[in-house]
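Reading through the structure tokens given below for one structure.
Counting starts at 1 for both ligands and their atoms, in listed order.
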Amino acid sequence: MKQTLLITGGTGFLGKRLGVTLRDQYDVVLTGRNNKQNMHAEQFSGCRVLPMDVANIEAVRDTFTETRPSVVIHAAATKFVDLAERQPMECVDVNVVGSQNVARVAVEKGVETVIGISTDKATPPVRNTYGLSKALMERVFCGMDGKTQTRFACARYGNVAWSTGSVLPMWNKMHQTTGVIRTTGPEMRRFFFTVDEAVQLIVTLLDNIERHHGEVVSRQMRSALIRDILEIWVKRKGGKWERMEGRPGERNDEFLVGDLELPHAYEIEYDGVPHYAIAFNRRSEKPLTEALSSENAVRLTEQQIIELIENPPPEER
Ligand SMILES: NC(=O)c1ccc[n+]([C@@H]2O[C@H](COP(=O)([O-])OP(=O)(O)OC[C@H]3O[C@@H](n4cnc5c(N)ncnc54)[C@H](OP(=O)(O)O)[C@@H]3O)[C@@H](O)[C@H]2O)c1
């Protein structure tokens, strides 16, 4: 019989695609709050979907009692930077208390493995409430590892291209409706990777959990200057772009591994791709020597940017 794998936030952009990838190997259960989105995720993925609010520990307990998962991928989050600045209470409830709830109930129910999905906004220097909340999730999960049989780890992401509310679908909508793309930060640089690469990072972590439990793991990603993406967009699709006022909490560059984390970080290769692991409370034998920022990362080429902007996943076209 297949083991059960439960994905919190399983009805989101990433969660339902994780469900599609993992459903052959596991009995996958997706969870989310919004019933309309839950129905849609069920149709999209063919996986079982249950309603569950991670901020409510009794709801988490009920769902874990009913489904008895062996593996939990914790993808549920409120992830909009400016919203979290304006509504920090909601952000803490979902991203911090919700993560604690998942961790506590996972331990209580003897879940074997829990993987949290984090962000390059959680690395020092942390600039916004969303990043802080995800940094706390990383600490909670890594700190819980080793205390019981439940293994915890986190995956740290850059921008998943075309994900909900991210720049590419927002620009696409603006471009289609007005021909003008408004942006807060042409001088910002961002890491980008595809949803397939984002899913693969979770699969790699699951396959190598014996090595990486208690750690935050990321992978090599290229970055792009927002202005470069916009110039290529306008050159190929017409229209124009213009600057708008910045939003609270934004920073020009993101980090996969920050300065303060270097002594605890090391590189390891999977499928020919450099990955980076951080163990907060252990010094690395071969530490990284330079922070991995979107400023010093290898840039996406023009051709790679074209592929990024012209190939939204089918559902987002
Ligand atoms: N997409 C990116 O570029 C990116 C980058 C770095 C990290 N991440 C992380 O990756 C994860 C997935 O991101 P995504 O792009 O798939 O986001 P998304 O499309 O916005 O999905 C978020 C999911 O979380 C659920 N959720 C929100 N609040 C919840 C709550 N209180 N209880 C239970 N479920 C809740 C949402 O469903 P309901 O609202 O219906 O509950 C939805 O299923 C998040 O943790 C995010 O922080 C994403």
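- A side-chain donor from one of Glu250 and Thr184 sits under 3.5 Å from a side-chain acceptor of the other.
- Nearest to atom 10 (O) of ligand 1 among the protein's heavy atoms is Ile117 CG2, 3.3 Å.
- Note that Arg17 lies in the cation-pi zone of Phe13, set by a 6.0 Å cut-off to the ring centre and a 45° limit from the axis.
- Contact atoms of ligand 1 toward Asn159: 3 (O) (distance under 4.0 Å to a heavy atom of the residue).
- Checked by atom type, the side-chain pair Thr8/His74 shows a donor-acceptor distance below 3.5 Å.
- Contact annotation: for Ser118 versus ligand 1, heavy atoms closer than 4.0 Å belong to the backbone alone.
- When only non-hydrogen protein atoms are considered, atom 21 (O) of ligand 1 lies nearest to Gly12 CA, 3.3 Å.
- Taking every heavy atom of Asp53 and a limit of under 4.0 angstrom, the matching atoms of ligand 1 come to 30 (C), 31 (N), 32 (N), 33 (C).
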Test log, rule side chain to side chain contact (heavy atoms under 4.5 Å, CB included), inputs Leu18 and Ile73
CA-CA 9 Å; Leu18 269 171; Ile73 313 287; 4.0 Å; yes

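- Of all atoms in ligand 1, numbered sequentially from 1 with element shown, those under 4.0 Å from a heavy atom of Leu14 are 16 (O).
- Residue, atom and distance of the protein heavy atom nearest to atom 32 (N) of ligand 1 are Val54 N, 2.9 Å.
- The nearest non-hydrogen atom to atom 28 (N) of ligand 1, considering only Lys79, Met137, Lys16, Arg33, comes from Arg33.
- Numbered from 1 in the order shown, with element, the atoms of ligand 1 that lie under 4.0 Å from a heavy atom of Thr11 read 37 (O), 42 (C), 43 (O).
- Given atom 33 (C) of ligand 1, the protein heavy atom at minimum distance is Met52 O, 3.2 Å.
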Run Glu245 and Arg182 through salt bridge (charged side-chain N to carboxylate O under 4.0 Å, His left out) and show every step you take.
CA-CA 9 Å; Glu245 205 183 318; Arg182 305 185 75 224; over 6 Å; no

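- If you check each of Ala75, Ala55, Gly116 against atom 11 (C) of ligand 1, the one with the closest non-hydrogen atom is Ala75.
- For atom 34 (N) of ligand 1, the closest non-hydrogen atom on the protein side is Ala76 CB, 3.5 Å.
- Remark: Lys2 fails to qualify as a cation-pi partner of Tyr26 under the 6.0 Å distance and 45° angle criteria applied to the six-membered ring.
- In this structure, Ala41 has no heavy atom closer than 4.0 Å to ligand 1.
- For Gln149, the CD atom is loosely surrounded, since the number of other residues' heavy atoms within 6.0 Å does not exceed 12.
- Residue nearest to atom 37 (O) of ligand 1, selected from Gln37, Glu254, Lys121, Lys36: Gln37 (by heavy-atom distance).
- Near Gly9, meaning under 4.0 Å from one of its heavy atoms, ligand 1 places the atoms 23 (C), 24 (O), 25 (C), 43 (O).
- In this structure, Asn296 contributes its side chain and Ala291 its backbone to a donor-acceptor pair below 3.5 Å.
- Considering both main-chain and side-chain atoms, Gly15 never comes within under 3.5 Å of ligand 1 through any nitrogen or oxygen pair.
- The number of heavy-atom neighbours closer than 6.0 Å to CE of Met39, taken from other residues, nucleotides and ligands shown, is 12 or below.
- Between the side chains of Tyr266 and Glu215, at least one donor N or O sits under 3.5 Å from an acceptor N or O.
- Of all protein heavy atoms, the one closest to atom 19 (O) of ligand 1 is Thr164 OG1, 2.5 Å.
- Checked by atom type, the side-chain pair Glu254/Ser294 shows no donor-acceptor distance below 3.5 Å.
- Atom 3 (O) of ligand 1 has as its closest protein heavy atom Val160 N, 2.8 Å.
- When only modelled atom types and interatomic distance are considered, Thr11 and Lys16 share no side-chain donor-acceptor pair under 3.5 Å.
- Within the structure, ligand 1 lacks Thr8 among the residues with a heavy atom less than 4.0 angstrom away.
- Evaluated by nearest non-hydrogen atom to atom 47 (O) of ligand 1, the leading choice among Tyr130, Phe80, Phe13 is Tyr130.
- Checking Arg299 against Ser223 by side-chain atom types alone, a donor-acceptor pair falls below 3.5 Å.
- In this structure, Lys134 has a heavy atom closer than 4.0 Å to ligand 1.
- Here is the list of ligand 1 atoms found below 4.0 Å of a heavy atom in Ser163: 1 (N), 2 (C), 3 (O), 15 (O).
- In this structure, the protein non-hydrogen atom closest to atom 40 (O) of ligand 1 is Asn34 N, 2.7 Å.
- Per-residue contacts place Gly158 under 4.0 angstrom from the following atoms of ligand 1 (heavy atoms of the residue considered): 3 (O), 5 (C), 6 (C).
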Starting from the C-alpha separation in whole Å, work towards a yes-or-no answer on ring-ring contact (aromatic ring centres under 6.0 Å, His included) for His264 and Phe280.
CA-CA 6 Å; His264 308 282; Phe280 294 121; 7.7 Å; no

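- In the displayed structure, Lys240 atom NZ is contacted under 6.0 Å by at most 12 heavy atoms of other residues, nucleotides or ligands.
- Atoms of ligand 1 found under 4.0 Å from any heavy atom of Tyr157 (numbered from 1 in listed order, with element): 5 (C), 6 (C), 7 (C).
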